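Beneath this line is the structure, given in structure tokens, with notes to follow.
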There are 2 protein chains.
Amino acid sequence: MTAPMDNDDFPPHLRHFEQICKAAGLKLTHQRLEIYRELLEARDHPSAETLHKRLDARLPTLSLDTVYRTLTTFERLGLAHRLETRESQARFEALSQRHHHFLCDRCGQVVDFTWPGFDMLALPPALTGIGTIHRTSAVIYGQCAACLAREQNPTTR
Amino acid sequence: MTAPMDNDDFPPHLRHFEQICKAAGLKLTHQRLEIYRELLEARDHPSAETLHKRLDARLPTLSLDTVYRTLTTFERLGLAHRLETRESQARFEALSQRHHHFLCDRCGQVVDFTWPGFDMLALPPALTGIGTIHRTSAVIYGQCAACLAREQNPTTR
DNA sequence: GTTGATGCAAACGATTTGCAACTGC
DNA sequence: GCAGTTGCAAATCGTTTGCATCAAC
């Protein structure tokens, strides 16, 4: 509809995307590709609406519902995670290296961090027989330095 | 409005509640007390709507908005946690002993489990200087045994 | 009596859905 | 050409809010 699809000069990470879609019997649409690309580049756990805004320049006719539908599809395919935040808006991230999340109780900011000690931890015995484990994740709640500073020094210093 | 408040024969955990409210300058209303009591007894991370239904017998005039408002207040006071689930409905739990959550990707069920190994783990160095830590929590995603069984043996056996 | 809390109804906002037109395969 | 996908608009549903009344202190 906008530009022709040049499947042959896909960079490696998009070839991987192509294969996943093909294996799942999903069509490789222009919209899906661009949404995935945008999510891959995003470092800030964007919401569906944020992604939609960012894609507006490249795909002016892209609808917000398609972004929602596509992100849900990605989640099902294991291409994206839906973050559990305390906001009403869900936020997404493409899968990259193993990391965890710090959530600021004040501003709602999500900060990624790595935690090798946690990643290496043996699963708790209490979970024996619970079923299959897909993913383990640590979430740390607190107040970020910026919010702390803002409260202690409302204006300056 | 319904029954008189007998502040003097409160069980210990409700006296604690009374003190927290008093310290925060909040009125000890009948509704707040009953919502807290119900949340304390609940073992299943009820949603605001579920709590409202359960309280209907005791407080027929209780409105759903009050449940929402009250749970938000409890969260602010540190009397309850809002769970981050993948459902649209938020779910709450009163604070009890330290535990973590297993979330089934299929049925959305939340299962509590203890994980002493995690609780004893040192915080990751990556978080140095991030701010103040309020709470750490582990979330494990997977498929519960019931959902596994249902998919392998759709009908019987 | 004063101040904050409640109940009601209406608003809000994120997300989902029905459907007809369209496009990748 | 067919099945799956999109865009549009409308619906859905959890949650929040304005406001007048009411209860706790």
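Everything numeric here is computed off the predicted structure, so don't read it as measured data. Reminder, nothing fancy here: chain letters follow the sequence lines and each chain counts from 1.
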Among D:dT15, D:dG7, C:dT3, which is the nearest nucleotide to the side chain of A:Thr66?
D:dG7
A:Asp65 (side chain) and D:dA10 (base): donor-acceptor pair under 3.5 Å
no
Once hydrogens and angles are ignored, does a donor-acceptor distance under 3.5 Å link the base of D:dG4 to the side chain of A:Arg69?
no
Just N and O in the side chain of [X]: are any of them under 4.0 Å from OP1 or OP2 of [N]?
X	N	value
B:Gln31	D:dA23	no
A:Thr29	D:dT5	no
B:Tyr68	D:dT15	yes
B:Ser63	C:dC8	no

Closest-nucleotide 5' rank along DNA chain C - winner of A:Arg91 and B:Leu26:
B:Leu26
Taking for each residue the nucleotide of DNA chain C with the nearest heavy atom, is it A:Lys27 or B:Gly25 whose nucleotide lies nearer the 5' end?
B:Gly25
Connected-component partners of B:Met120 among ILVMFWY, side-chain separation under 4.5 Å
none
Is any NZ, NE, NH1 or NH2 atom of the basic residue among A:Arg54 and A:Asp44 found under 4.0 Å from an Asp or Glu carboxylate oxygen of the other?
yes
Can the ring centroids of [X] and [Y] be said to lie less than 6.0 angstrom from one another?
X	Y	result
A:Phe118	A:His100	yes
A:His45	A:Phe92	no
A:Phe17	A:Tyr36	yes

How many whole angstroms separate atom CG of A:Leu28 from atom C1' of C:dC25?
11 Å
If you fit an axis to the five pairs at each end of the helix from C:dG1-D:dC25 to C:dC25-D:dG1, how big is the angle between those two axes, to 10 degrees?
40°
